[in-house]
Amino acid sequence: MSMLSTSQLSAAASPPLFSGLRRSSSTQSFFFQSINSHIRFSSASARPSSSIVAMAGTGKFFVGGNWKCNGTKDSIKQLVSDLNSATLEPDVDVVVGPPFVYIDQVKSSLTDRIEIAAQNSWIGKGGAFIGEISAEQLKDIGCKWVILGHSERRHVIGEDDQFIGKKAAYALGQNLGVIACIGELLEEREAGKTFEVCFKQLKAYADAVPSWDNIVIAYEPVWAIGTGKVASPEQAQEVHVAVRDWLAKNVSPEVASKTRIIYGGSVNAGNSAELAKKEDIDGFLVGGASLKGSDFATVINSVTAKKVAA
């Protein structure tokens, strides 16, 4: 495998329960800068290309829609209507993540074919934590999943790896599935640190979680989120292979096989089919395209590209 970095990771000391929130002016300012159009990538595929492509893992194709801080009652009503009337491939797990205030509206009107995810949850049981949402509250309102470790939580809000790992462990303990996000900044990719960063983030999850049974890993390179830039199928596959290999070596071959590794970062109706053909891409976490019912349905149905290729 062509590694972007071969640095060995040292184990980080576990912080107190509520430590891990910090401001980083360098990464925060970077987040809002325009993305450099001249990006240096590694174009080498981690595995030889083949005319036959199958899922490397054993899990079901998984597509999540992250609505972020978007929508109104009326626009979400229309989006739900569009999703309810869409024809979706049956062998795909589908979830959507509405803003907290619209979860009940979506849960009460969306087809049971699609499950509900929250976009965040607190590190422990509820209490005097203003503005936070507990895993228990999410379960009470009908959520099945929660998205944790997203780059905006890491680089804008300031959540560090260990804090996110503990949040994941608590959510799993409350029987929520976790969409565990990882991914590198542009400056980290250009410095050849993509694998080092992703492995460090994975280690924080591995050190904290009791089991990987209800975890989906979402690789989302920060430079591709909402920018219109997308990793090529070969670039995404390279990182997905590396993540699966890391799981095999550091957790277990069984976990590596059954854990779904999905890609996020400007995925849309036009590029999802080509990405889906790669054997280690087990689905997608979709941002802007998930706000359009027809586009999101196309991404969901991109599983057919994987079937044809196989």
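A salt bridge links Lys278 to Glu234: at least one charged side-chain nitrogen sits closer than 4.0 Å to a carboxylate oxygen.
Closest approach of Ala171 and Leu148 over heavy atoms only: CB-CD1, 4.4 Å. Counting all heavy atoms, side chain and backbone alike, Ser266 lies closest to Gly228 at OG-N, 3.0 Å. Closest approach of Asn268 and Ala289 over heavy atoms only: CA-CB, 3.9 Å. Contact record, Pro98 with Val106: CG-CG2, 3.8 Å, taken as the closest heavy-atom pair. Taking all atoms of both residues into account, the shortest heavy-atom contact from Ala273 to Ala305 is O-CB, 3.5 Å. Looking at every heavy atom in both residues, Ala180 comes nearest to Tyr205 through CB-CZ, 3.5 Å.
Results of the side chain to side chain contact (heavy atoms under 4.5 Å, CB included) test with Cys181 over Leu285, Ile225, Ile164, Val216 single out Leu285 as the only residue that passes. For the salt bridge (charged side-chain N to carboxylate O under 4.0 Å, His left out) with Asp282, the qualifying choice from Lys60, Lys258, Arg244 is Arg244, the only one to do so.
A donor-acceptor pair is defined here as one N or O able to donate and one able to accept, closer than 3.5 Å; no such pair exists between the side chain of Asn120 and the backbone of His150. Side-chain atoms of Asp280 do not come within 3.5 Å of backbone N or O of Gln237 as any donor-acceptor pair. Glu184 contributes no side-chain N or O that, together with a main-chain N or O of Val222, makes up a donor-acceptor pair within less than 3.5 Å. Ser85 places a side-chain N or O within 3.5 Å of a backbone atom of Ser81 that can act as its donor or acceptor partner. Side chain of Gln119 to backbone of Lys68: a donor-acceptor contact under 3.5 angstrom is found. With hydrogens and angles disregarded, no donor-acceptor distance shorter than 3.5 Å links the side chain of Arg189 to the backbone of Pro221. Panel note: side chain Asp104, backbone Lys107; no donor-acceptor pair is recorded below 3.5 Å. One N or O on the side chain of Lys306 and one on the backbone of Ile281 form a donor-acceptor pair closer than 3.5 Å. A donor-acceptor pair under 3.5 Å is absent between the side-chain atoms of Asp93 and the main chain of Phe62, judged by distance alone.
Between Trp246 and Val251 the shortest side-chain heavy-atom distance falls below 4.5 Å. Under the 4.5 Å side-chain criterion, counting only non-hydrogen atoms from C-beta, Asn66 is not in contact with Val286. Residues Asp91 and Lys307 are in side-chain contact: their nearest non-hydrogen atoms beyond the backbone lie under 4.5 Å apart. Contact check for Trp212 versus Ile217: side-chain heavy atoms found under the 4.5 Å cut-off. Residues Val94 and Leu83 fail the side-chain proximity criterion, which asks for heavy atoms closer than 4.5 Å. The side-chain heavy atoms of Ile116 and Cys143, taken from C-beta on, include a pair separated by under 4.5 Å. Residues Pro210 and Leu172 have side chains in contact (heavy-atom distance under 4.5 Å, counting atoms from C-beta outward). Lys77 is listed as a side-chain neighbour of Gln105, based on a closest heavy-atom distance under 4.5 Å.
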Worked check of side-chain contact (heavy atoms from CB on, under 4.5 Å) between Leu110 and Glu115: CA-CA 9 Å; Leu110 184 63; Glu115 294 184 331; over 6 Å; no
Test log, rule side-chain contact (heavy atoms from CB on, under 4.5 Å), inputs Asn250 and Lys203: CA-CA 8 Å; Asn250 295 277; Lys203 186 179 186 302; over 6 Å; no
Criterion side-chain contact (heavy atoms from CB on, under 4.5 Å) on Leu88 and Thr111, from CA distance to verdict: CA-CA 11 Å; Leu88 305 179; Thr111 173; 6.0 Å; no
Evaluation steps, side-chain contact (heavy atoms from CB on, under 4.5 Å), between Phe296 and Val63: CA-CA 9 Å; Phe296 190 51; Val63 177; 3.6 Å; yes
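No side-chain donor from either of Glu187 and Trp223 sits under 3.5 Å from a side-chain acceptor of the other. At a cut-off of 3.5 Å, with distance as the only test, a side-chain donor of Asp82 or Gln78 sits close to an acceptor on the other residue. No side-chain N or O of Tyr219 forms a donor-acceptor pair with one of Gln201 less than 3.5 Å apart.
Using bins of under 30°, 30° to 60° and over 60° for the plane-to-plane angle, the ring pair Phe163/Trp122 lands in the perpendicular bin. Between Tyr263 and His240, the ring-plane angle classifies as tilted under the 30° and 60° cut-offs. Aromatic ring orientation, Phe284 versus Phe61: perpendicular (interplanar angle above 60°, classes split at 30° and 60°).
In this structure Glu188 satisfies the side-chain hydrogen bond (donor to acceptor under 3.5 Å, both in side chains) test with no other residue, sequence neighbours excluded.
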